[in-house]
Structure formats: C-alpha cells, structure tokens
J.: 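Sharing a structure with you now.
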Amino acid sequence: MASNLIEIRIPEDGLDSEIAIPTTREFLISVGRAFAGALLFALPILMTMEMWELGVTLHPWRIALLLTTVLPLLLGLSHFSGIRYTAHWRDEIADVLVAILVSSLTALIVLWTFGVISIGMPISEIISKLAMQFIPCSIGAMLARSQLGGSSVGNGEEREPSYAGELFLMMAGALFLSLSVAPTEETILIAFKMTTGQEILLVLSSLLVMQLFVYAAHFRGGHTFEGMSIGSEFARFTVVGYVVVMAVSFCLLWLLGQIDGTSWREILSICVVLSFPGAIGAAAARLIL
Amino acid sequence: MNGQSEKNTEAKTTKQGTSGLEWGVAAIAGVLFVVMVGYMVVEGFATAENRVEIQIIASPAVRQGNAFAVRFDARNIGNQTASSLVVRATLSEGDREVETAEVTIDYLPGRSSAFGGFWFSNDPSRLKVDIRAVSYLDP
C-alpha cells in the first residue's frame, strides 16, 4: 500500500541549510500576529456562553485532559503543516509554548473585558474558563504567527506531510470546527429532531463534501498524492478521514460532558451531527494547511 | 552566519531557530502551563467528595417606590457546581404565609457566590423573612 505513495521531502540534514535566529523585532511582530490570529480564530468561541459555563460544570480532570491535549495537537500542527520551517524539534516546542502563552493572555484579556472572569472568582474557575478557549486561541496564534502577512520569515517552502500527517491535519481541522459547535445545546437538539433516514443522508453528505474537497485539492495547491485512483483516494482520505472525524466528535463530546448518561443510539446520532462541521473542517484543513 | 551575504536562489533552505527572548517567553509559558494542569489535577482530587451546600445571607429591606427590595448573597460553600439553583423567599406572620418570591440561578460553582434580590409588596421588616435554597440540578 505504502509503495504507491510519493513523498516529497525536503532534506532535513542541516548540511544544505542555514539556521536563522529571529531578531527581537521579528519575534515581537510574530507575537503581535499571534494575538491577532488568536482573536480572529477564537472570538466566536470566546463569545459563546456554553463555553464559559463548561468552565464551571466540567470535572477538573477533564479540564486538565483538555489542556494537555493542546500540547501534542499544536506540536503536530506545527510539524506536519510546515507553517514554520524550524531547525529542531525544540524550536517547535518553543513555538507551541509561545502560542499557549499568547492564547492564555488573549482569553484572559477578552473574558475579563466581557466580565466573564473577575478577580473574586476561585482560581480553578478562571483556569477552567481559560482552558476552554485554549484550543481555538492557540491554533489561531500558531497559524497567524507564521502566516498572516508573513513573508518576512521562512522561505515559503512547505514540508509535504506523509499520509499519517494528512490524517493528523484532518483531525486538527475537525477539532477546530467542531469545537465551536460541540458545547452548544443545538447539536443535541438537532440529533433529537433528525430521523434515522435524515441521519444517513447527513453521513452521505459529509462523505460527499469531503470527497469534493479532495478534488479541490488537485486544483488549489493542496496536498495531493500522484497516481492514486479515485477509489483509493476515496478510501484513504474520505472514508478513513470520516472515521477520524467521528472519533474526534466522540472524544470532544465526552470531554465536554455532553454525552454523560446518554444512550449509545443517541450518542451515535449526536456524533453524526457533530461530524458534519467536523468533516468540512477536516477536508478544508488538508486544502489550506 | 550573517556574513554569508550571497543568497542562494536554489533549493537551499533557511531553517528558523529560536532566539533567547523567545526561549525566555517559552519557559514562562511552560511553567504557567504545568502549574495550570497541576492545579486542575489537584483540584480534581479535592472534588472527590462532591457536595453542594448553599448559605444565604440577606441584607435589610430597602424601600423602592411601592416595593421593598431585599438583596441576598447565595454562597455555595460546597465544592460542586449547582445548576438551576432555586432560591425562595417567604414572608410570614406567625403560621400564615404572607408573600413568596422565587429566583433561579443558572449556575453556582463551588466556593462561589451569586448575588440577587427580591421585591416584596409587604414590608419585610415587620414580618418574618425566610430565604433559602430549595432545589438544584447536577450540571
């Protein structure tokens, strides 16, 4: 199976490349961009009431788990998307940590300004409310730091991700888009309202949308694997991608306490509903990143 | 490194490193992150015995036009969040209930307070005032 993959890799040996250390000015500019990106990506979620409430209703361990998932997520995003061509893994770790600091500050400032966070609150409540905003803010911060207006650093060459990398990007895209929908009551309400027939139709529509994005990748400079048949592409990206999206939906719903005490039949319906935006996010991530 | 002024147009790549300032910021972020996660883990152990316990502290009635306003502070001294917390105020004279008022608090996290008020048409200072939390839901 792996033999029909053509991977384009940029040499990573360091012999043929030089390492540029950003100046203080470049660093500060990139931090400014990161703030802008965090706001751009996370403002709708920062202004969603359910996200604030989850901060007080979720068990602290789930919040801790949510926080820790941010690290590998951002690290993978930084590595696979090639948004910044770093010299070493440790540079990517520094990148991720800066994004985390920027996203905490962004969330803190915005939520305090909105009066959602105040000084008299228990620390756990403040941390929880910030944690809920971490994923969207930090993804925004990471992408913006390197991409918004960014030809000042890097040489614009992208690292082409492997198949696993593609799946990772799809997972990140699904997570990003479904995160703003998952905590809302509407997701569950839609699942209650839909008949089984409509749910099957939604699954097929999600698959169709993903497949259309795969085609779009051929035209719009997304990542493509040459010499792969339509059937193979459908199986490898659309079907496997949808399974990844469903898994993301399930984990997210569980993490946000949305399916506690719910029957498996109903959980499946809610996952199908949430996987619709997830599928679009996943497919778009392959195209954009 | 900067002495190499000739920029190659071919496939030579410029990898990005990390400046000292960036490492400093990253280190602060790292410490902050570990503290946040650690705090939530410790907090998780503390909430092992879940409990909602509400204390109500009421202020004296203040006349507002035809009504009498009574402000209250509902404090959850337990460690679990109460959702849809109903607080009821009753004015009574002897055994006779004169007036009741009710308010629902959407969420009251553990060790937190919510402030609110009731309006009565009777003067509470001449009657027995009883304000208490009567029901809640697990979130």
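Only this structure's heavy atoms are used, side chains among them; waters, hydrogens and symmetry mates stay out.
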J.: Does any heavy atom of chain B fall under 4.5 Å from the side chain of A:L67, the backbone, both, or neither of them?
T.: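 Both parts, heavy atoms under 4.5 Å.
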J.: Describe, in one word, how the ring planes of A:F134 and B:F33 are oriented to each other, choosing from parallel (under 30°), tilted (30 to 60°) and perpendicular (over 60°).
T.: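 Ring orientation of A:F134 relative to B:F33: parallel.
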J.: Within the 3.5 Å criterion, strictly below it, is a donor on A:T187 or A:T184 matched to an acceptor on the partner's side chain?
T.: yes
J.: Counting heavy-atom pairs closer than 4.5 Å to chain B, which one of A:S104, A:S124, A:P122, A:A64 comes out on top?
T.: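 That would be A:S124.
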J.: So which of B:S112, B:G38, B:A26 has the biggest tally of heavy-atom pairs under 4.5 Å with chain A?
T.: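 The residue among B:S112, B:G38, B:A26 with the greatest pair count is B:A26.
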J.: For the residue pair B:E43 / B:N79, report whether a side-chain donor-acceptor contact shorter than 3.5 Å exists.
T.: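 Checked: B:N79/B:E43 side chains show no N/O donor-acceptor pair below 3.5 Å.
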J.: Which region of A:L65, side chain (C-beta onward) or backbone (N, CA, C, O), has a non-hydrogen atom less than 4.5 Å from a non-hydrogen atom of chain B, or is it both or neither?
T.: neither
J.: At a heavy-atom separation under 4.5 Å, does A:R62 approach chain B through its side chain, its backbone, both, or neither?
T.: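 Looking at A:R62, nothing touches chain B.
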J.: Is the shortest distance from a Lys or Arg side-chain nitrogen in B:D73 or B:R75 to a carboxylate oxygen in the other one below 4.0 Å?
T.: yes
J.: Could you tell me which non-hydrogen atom of B:L108 sits nearest to which non-hydrogen atom of B:N76, and how far apart they are?
T.: O-ND2, 3.2 Å
